Amino acid sequence: MSFAKDGNALIYKRQGETVRIEPWGRNALRVRATVLPDFTGRVNALTEEVTKEGTVTINGMMGGEIVNGRIKATVNEVGIITFYRDDKRVLREYYSCYGGSLTKEAICFKIFSREYQGISSDDFRITTRFESCDEEKLFGMGQYQQPYLDLKGTTLALEQRNSQVSVPFLVSSLGYGMLWNNPAVGEASFSKNGYKWIARESSELDYWITADETPKDLVANYTEAVGRAPALSQKYLGLWQCKLRYRTPEEVLEVFRKYKELGIHLDVIVIDFFHWPYQGDWKFDETYWPKDKVRAMCDEIHAEGTKVMVSVWPSVDKRSENYAYMMENCLMSRTEVGTPETYDYQGECGTIDLFNPEAAAFIWDRCKNNYRDWGIDLFWLDNSEPDSAVYDFENLRYHTGRGSKVGNEYPKKYLKAFYDGLTAEGETDFVSLIRSAWVGSQKYRGLVWTGDVQSTYEGFKDQVIAGQNMGLAGIPWWTTDIGGFMTEDVFDPDFKELLIRWYEYGTFCPIMRMHGDRGPYNIEPLDNRDFGGGYLHTGQPNELWSYGDDVYKIMKHYLDIRNGMKDYVEGLMKEASENGSPLIRTMFYENADDEKCWNCPNQYMFGPDYVVAPVMAKGVTEMDVYLPAGTWKDIHTGEQFEGKQNVTVKTPLEIMPVFKRV
């Protein structure tokens, strides 16, 4: 081993590997390692300017340590890193291969804490391992369709898919947070017998770690280094109306006028997919959306203070007017083998390469000319993983590398293209709806929704869990399709019950958005063509009044609750911009010293002042809810309770338990 200082960084080398540990923000360290001659210099997600002050001590050939505020890292004589918070050990690299494990000698394993496997490119499959702690709980990491809030014992794919969002920041109950600062496809495993992170294709190991008092402190340190969402104004914090799909301006206006007649203000109304001639045209099919009617529609809607959003996909049909130009000018992703078409829904499609700045400028130019200049305000960036016919990441090649090396950052590049375009137009208060994200996506005003999830109670519970972990991963703007996306029969009473329960929950989400693909599919298409805005099916109506008077009455009541909370929700948006705090918060986020709050996955806090307990099963008429310290008022009955106890609440269909801090 050889140890050295480089400014305030600790450098050590052993057996061809160079490791660099340096201060990087408040109570935080960045760790990089490589077996190549030098580091790449890429910052990946660590884009923000932060302080980089710390102290380094070297003990000859026997090791060294680096301290930055409350975090300390020590390196022993064989290169094993151990991390401390205020001198209490919180994490250590896997140590068994050197015979120094806490509980046993295991020198025969030859399993190393950092491992580099050569692959067919000039990069490596990189694995790093850490020891596990039985008492530890783990949270964050983004959005996975599973019922586990505590991630201890899970294995997570680090890859973007429809309804799965990899945002690899981990919050530990031991008082540290760890960012896997690498956009490569890979895996994270948090087993009882050790933790493992894998990048399937990368030039170097790169992670960032912070230690602090509470989860709120950890998230603040993390978002300071990777970026925070700007504040979002009240104009977006009421009801958003959407369905699959409105097929003409007349259909949009019919819905809009009905809401106006009922005295219900819409903040946003959304025009979903296949309003275009072909994917990749990025324009309306003027057979059904003529320019004069689109402009008149937007004018009428804008007069009531409502925004109009339109769906944009990254897929480019071979029949699109833009395909040949994009192919010739390398504006689409390529494949290592086979055809360049990577997506096959309703056409043979390539995918725009948003790692290429020219491609990002190209899609914005088309959307500006064909949507924004027609009166459209906002953009729904769908299929943003991007969706693929086959998720073969090694076969995809982007402007900056193979999909297996850089692919997880694709949705962030997608967001940035529209963020740059809209800010160049002078916009300062806008939101882009998107189906995926990566670390730092929040900087670009992205509202993540959970994708095409099933309309079931199992699916509903998964979203309640996902929202809490997404918040801890630094994504405060988050929502779901109320009622789930996939519904075969909207006339089924069981679905109506599920819809109501999901809608009640949606009232206490960052954004309240009606959407879904509602069967049965017995509505005739507008024409018999196999392309364009008229041929594809539309689902059943999905407005508040669509499910009968009894359902409408409950929905209208909760919408009134939501509208009465706009000042509060706007304050939470401001807080998110200041310290990274999510709107949906795990119970322990505000109550880290309450052990019971670390074990309440099925309820959450909406900001600091509301405890919310969604009803996530059919026919539930009574629930127990845990209230943390303080005095709490049932918002439905006005009854007050002292905290630090469970209370039993009646839950008829019109009641979801919600308690407000007094």
Side-chain angles (χ1 to χ4, degrees), residues 160-162 242 244-248 270-289 294 309-335 338-356 359-372 374 376 379-391 396 398 403 410-411 413-415 417-418 421 432-436 451-452 485 517 525-539:
Q160 314 293 14
R161 292 176 180 256
N162 185 345
C242 185
L244 190 154
R245 63 190 178 97
Y246 301 124
R247 300 172 294 177
T248 65
V270 186
I271 299 165
D272 202 351
F273 70 5
F274 285 87
H275 58 265
W276 46 67
Y278 296 107
Q279 295 172 71
D281 285 342
W282 298 305
K283 68 179 185 181
F284 287 109
D285 179 353
E286 292 197 59
T287 303
Y288 299 99
W289 300 86
V294 172
M309 174 178 276
V310 72
S311 175
V312 174
W313 285 19
S315 43
V316 186
D317 195 303
K318 291 175 68 174
R319 300 168 291 179
S320 166
E321 65 184 20
N322 295 316
Y323 184 91
Y325 175 85
M326 295 180 69
M327 181 62 70
E328 289 301 315
N329 289 274
C330 300
L331 303 185
M332 286 194 288
S333 62
R334 294 174 287 143
T335 55
T339 69
E341 284 73 53
T342 56
Y343 188 63
D344 60 0
Y345 180 69
Q346 303 294 330
E348 296 181 57
C349 300
T351 301
I352 187 169
D353 182 357
L354 290 166
F355 291 90
N356 184 341
F362 182 86
I363 190 174
W364 170 250
D365 177 74
R366 293 299 185 270
C367 289
K368 178 186 181 304
N369 292 335
N370 299 328
Y371 293 129
R372 181 172 169 82
W374 288 31
I376 301 299
F379 296 94
W380 174 5
L381 310 180
D382 205 345
N383 282 22
S384 52
E385 300 80 26
D387 202 359
S388 297
V390 178
Y391 284 96
L396 288 174
Y398 296 112
Y410 187 96
K413 298 293 187 182
Y414 197 3
L415 266 175
F418 283 78
S432 296
L433 183 64
I434 192 164
R435 198 168 75 184
S436 192
D452 299 343
F485 180 69
D517 184 9
L526 295 175
D527 63 37
N528 295 319
R529 297 183 300 172
D530 64 351
F531 71 97
Y535 91 96
L536 203 60
H537 79 273
T538 182

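Computation of the quantities below employed the complete heavy-atom set of this structure, encompassing side-chain atoms and omitting hydrogens, waters and symmetry-equivalent molecules. Given the structure is predicted, the values throughout are model-derived calculations rather than measurements.
- Judged by distance alone, the side chains of N383 and Y343 do bring a donor and an acceptor atom under 3.5 Å apart.
- Distance NZ/K368 to CZ/F379: 10.0 Å, rounded to 0.5 Å.
- Annotation: the span from L415 atom CG to L354 atom CG amounts to 10.0 Å, rounded to 0.5 Å.
- Separation of atoms CD1 (I376) and CG (N370) is listed at 11.0 Å; rounding is to 0.5 Å.
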Between Y414 and W313, is the ring-ring contact (aromatic ring centres under 6.0 Å, His included) condition met? List the steps. CA-CA 10 Å; Y414 197 3; W313 285 19; over 10 Å; no

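- Using a 4.0 Å cut-off between charged side-chain N and carboxylate O, D281 and R366 make no salt bridge.
- One distance of note links CD of Q346 with CZ of F273; it measures 7.5 Å at 0.5 Å rounding.
- Using modelled atom types, one finds a donor on one side chain and an acceptor on the other under 3.5 Å when comparing T351 with T342.
- At distances below 3.5 Å, at least one donor-acceptor pair connects side-chain atoms of S320 with backbone N or O atoms of G280.
- A donor atom on one side chain and an acceptor atom on the other are found under 3.5 Å apart for D527 and Y288.
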Evaluate W380 against C242 for side-chain contact (heavy atoms from CB on, under 4.5 Å), listing each step before the verdict. CA-CA 11 Å; W380 174 5; C242 185; 3.7 Å; yes

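- Remark: the N162 side chain and the D452 side chain contain an N/O donor-acceptor pair separated by less than 3.5 Å.
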Starting from the C-alpha separation in whole Å, work towards a yes-or-no answer on salt bridge (Lys or Arg N to Asp or Glu O under 4.0 Å) for D285 and R529. CA-CA 12 Å; D285 179 353; R529 297 183 300 172; 2.9 Å; yes

Verify side-chain contact (heavy atoms from CB on, under 4.5 Å) between D317 and Y323, making sure each step is shown before the conclusion. CA-CA 7 Å; D317 195 303; Y323 184 91; over 6 Å; no

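- F274 CZ to R247 CZ: the interatomic distance, rounded to the nearest 0.5 Å, is 15.0 Å.
- For W282 and Y371, the distance between ring centers is not under 6.0 angstrom.
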Check the pair R334 / D353 against salt bridge (Lys or Arg N to Asp or Glu O under 4.0 Å), numbers first and verdict last. CA-CA 8 Å; R334 294 174 287 143; D353 182 357; over 6 Å; no

Determine, step by step, whether F531 and W276 satisfy the ring-ring contact (aromatic ring centres under 6.0 Å, His included) criterion, reporting the C-alpha distance in whole Å, the side-chain angles of both residues, the deciding distance to 0.1 Å, and the verdict. CA-CA 9 Å; F531 71 97; W276 46 67; over 10 Å; no

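- Judged by distance alone, the side chains of S436 and E385 never bring a donor and an acceptor atom under 3.5 Å apart.
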Assess whether side-chain contact (heavy atoms from CB on, under 4.5 Å) is satisfied between E286 and V294, documenting all intermediate values. CA-CA 9 Å; E286 292 197 59; V294 172; over 6 Å; no

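- A salt bridge is absent between E348 and R319; no separation between the charged side-chain nitrogens and carboxylate oxygens falls under 4.0 Å.
- For Y325, the OH atom sits in a loose shell: 12 or fewer heavy atoms of surrounding residues, nucleotides or ligands are nearer than 6.0 Å.
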